[in-house]
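Worksheet for the structure shown next.
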Amino acid sequence: MYKMSSKPLISAKEIEERLDSLAAEIKPCGFDVVVPLLSGSFIFAADLCRRIASPELQVSFIRASSYGNSTQSSGQLQISGLEKLDIKGKKILLVDDILDTGITLSKVRETLKACGPSEIRTCVLLDKSARRTVEFNADFVGFSIENKFVVGYGLDYAENYRTYPEIWTLEEDYG
Ligand code: IMP
Ligand code: MG
């Protein structure tokens, strides 16, 4: 069994402040389409998009699932929503909640490249670089964190904990 840590690893206020500075870096790049990976990035992407708003900025969601109900990746990746994606010749910002082994983002980026965008850059809220198994660096990183399983602000464990406004560590509960 798991339980949430007694206090957040990253508070809602810290997230908001970092979003402001991230948005200040990202907005001048003039992306055409933000592509958030569901479900984990839904809160992060929504908060980021509001800060980089412009009339022509589009948002197009895709889903990449690999985790199942576990804290370890199954290694199998399913990508859906590609049929509705119109990114040919466009400047894309691919957004995910967390960069862990790197498998998800590297596979998704390769898949999106095949759709012919003019440019793909990547943005993650969290980066657990200690866990990387494939070489991958995101262009924009909110916070670098230690090798701990985290939940909240969109991140789940077995679909739970997503709705918290902060990031929490999940700890084993021996009680
Ligand atoms: P990767 O393919 O190993 O880089 O894993 C990326 C995906 O795994 C993310 O989009 C998350 O959905 C999930 N993930 C990795 N680490 C965590 C974590 O600490 N908490 C919640 N989900 C995680
Ligand atoms: Mg997940």
Side-chain angles (χ1 to χ4, degrees), residues 1-12 14-15 18-19 22 26 31 33-49 59-82 85 87 92-115 120-173:
M1 283 299 291
Y2 291 94
K3 65 174 173 49
M4 282 160 72
S5 44
S6 53
K7 65 178 180 58
L9 179 67
I10 309 174
S11 71
E14 287 171 315
I15 295 172
R18 184 66 186 111
L19 276 165
L22 260 185
I26 292 171
F31 289 102
V33 190
V34 176
V35 179
L37 291 193
L38 292 173
S39 300
S41 75
F42 83 111
I43 296 181
F44 174 47
D47 284 347
L48 184 65
C49 284
V59 185
S60 197
F61 296 92
I62 58 175
R63 181 178 293 276
S65 7
S66 75
Y67 260 65
N69 289 349
S70 139
T71 55
Q72 292 298 310
S73 175
S74 67
Q76 300 278 328
L77 193 75
Q78 283 188 327
I79 306 173
S80 54
L82 293 170
L85 209 59
I87 58 171
I92 302 307
L93 183 66
L94 177 59
V95 176
D96 203 5
D97 52 358
I98 186 165
L99 185 50
D100 187 32
T101 63
I103 293 169
T104 305
L105 274 181
S106 59
K107 283 194 179 160
V108 171
R109 187 171 64 184
E110 284 316 300
T111 306
L112 293 190
K113 266 188 192 164
C115 302
I120 303 182
R121 301 247 243 147
T122 53
C123 175
V124 293
L125 177 68
L126 305 172
D127 184 359
K128 270 202 284 199
S129 55
R131 292 251 314 157
R132 209 75 93 245
T133 59
V134 297
E135 203 181 316
F136 194 98
N137 293 310
D139 298 295
F140 305 97
V141 173
F143 301 91
S144 296
I145 62 165
E146 287 177 55
N147 183 11
K148 290 193 171 148
F149 198 83
V150 291
V151 294
Y153 197 71
L155 291 107
D156 73 306
Y157 171 64
E159 297 300 328
N160 294 335
Y161 305 103
R162 278 197 210 278
T163 50
Y164 283 93
E166 314 80 14
I167 303 283
W168 299 79
T169 305
L170 214 56
E171 296 164 348
E172 268 185 86
D173 184 4

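Counting starts at 1 for both ligands and their atoms, in listed order.
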### Message
I need the atoms of ligand 1 closer than 4.0 Å to a non-hydrogen atom of K128, numbered in the order shown.
### Response
16 (N), 17 (C), 18 (C), 19 (O)
### Query
Short list, please: which atoms of ligand 1 are under 4.0 Å from a heavy atom of I103?
2 (O), 4 (O)
### Message
Could you check whether atom NZ of K3 has more than 12 heavy atoms from other residues, nucleotides or ligands sitting under 6.0 Å from it?
### Response
yes
### Query
Of the backbone atoms (N, CA, C, O) and the side-chain heavy atoms from C-beta on, which set of D100 has a member under 4.0 Å from an atom of ligand 1: side chain, backbone, both, or neither?
both
### Contact check, L126 vs ligand 1, heavy-atom distance below 4.0 Å
no
### Task
Pull out every atom of ligand 1 sitting under 4.0 Å from any heavy atom of T101, numbered as shown with elements.
1 (P), 2 (O), 3 (O), 4 (O)
Solution key, residues 165-172 side-chain donor-acceptor pairs under 3.5 Å, sequence neighbours excluded:
unit_1: E166; atom_1: OE1; unit_2: W168; atom_2: NE1; d: 2.9

### Query
Is it the side chain, the backbone, both or neither of L170 that has a heavy atom closer than 4.0 Å to ligand 1?
neither
### Message
Can you tell me how the ring of F140 sits relative to the ring of F31, calling it parallel under 30°, perpendicular over 60° and tilted otherwise?
### Response
perpendicular
### For atom 22 (N) of ligand 1, the option (of F149, W168, Y157, Y161) bearing the nearest heavy atom
F149
### Query
Taking NZ, NE, NH1 and NH2 as the nitrogens, is one of them in E159 or R162 under 4.0 Å from a carboxylate oxygen of the other?
yes
### Query
Just which atoms of ligand 1 are under 4.0 Å from any heavy atom in L155?
20 (N), 21 (C), 22 (N)
### Heteroatom distance test (G102, ligand 1): nitrogen or oxygen, under 3.5 angstrom
yes
### Query
Less than 4.5 Å apart, any side-chain heavy atom of I62 and any of L37?
yes
### Message
Between E110 and K107, does any NZ, NE, NH1 or NH2 come within less than 4.0 Å of an OD or OE carboxylate oxygen?
### Response
no
### Task
Tell me, please, which residues at least two apart from R63 pass salt bridge (charged side-chain N to carboxylate O under 4.0 Å, His left out).
none
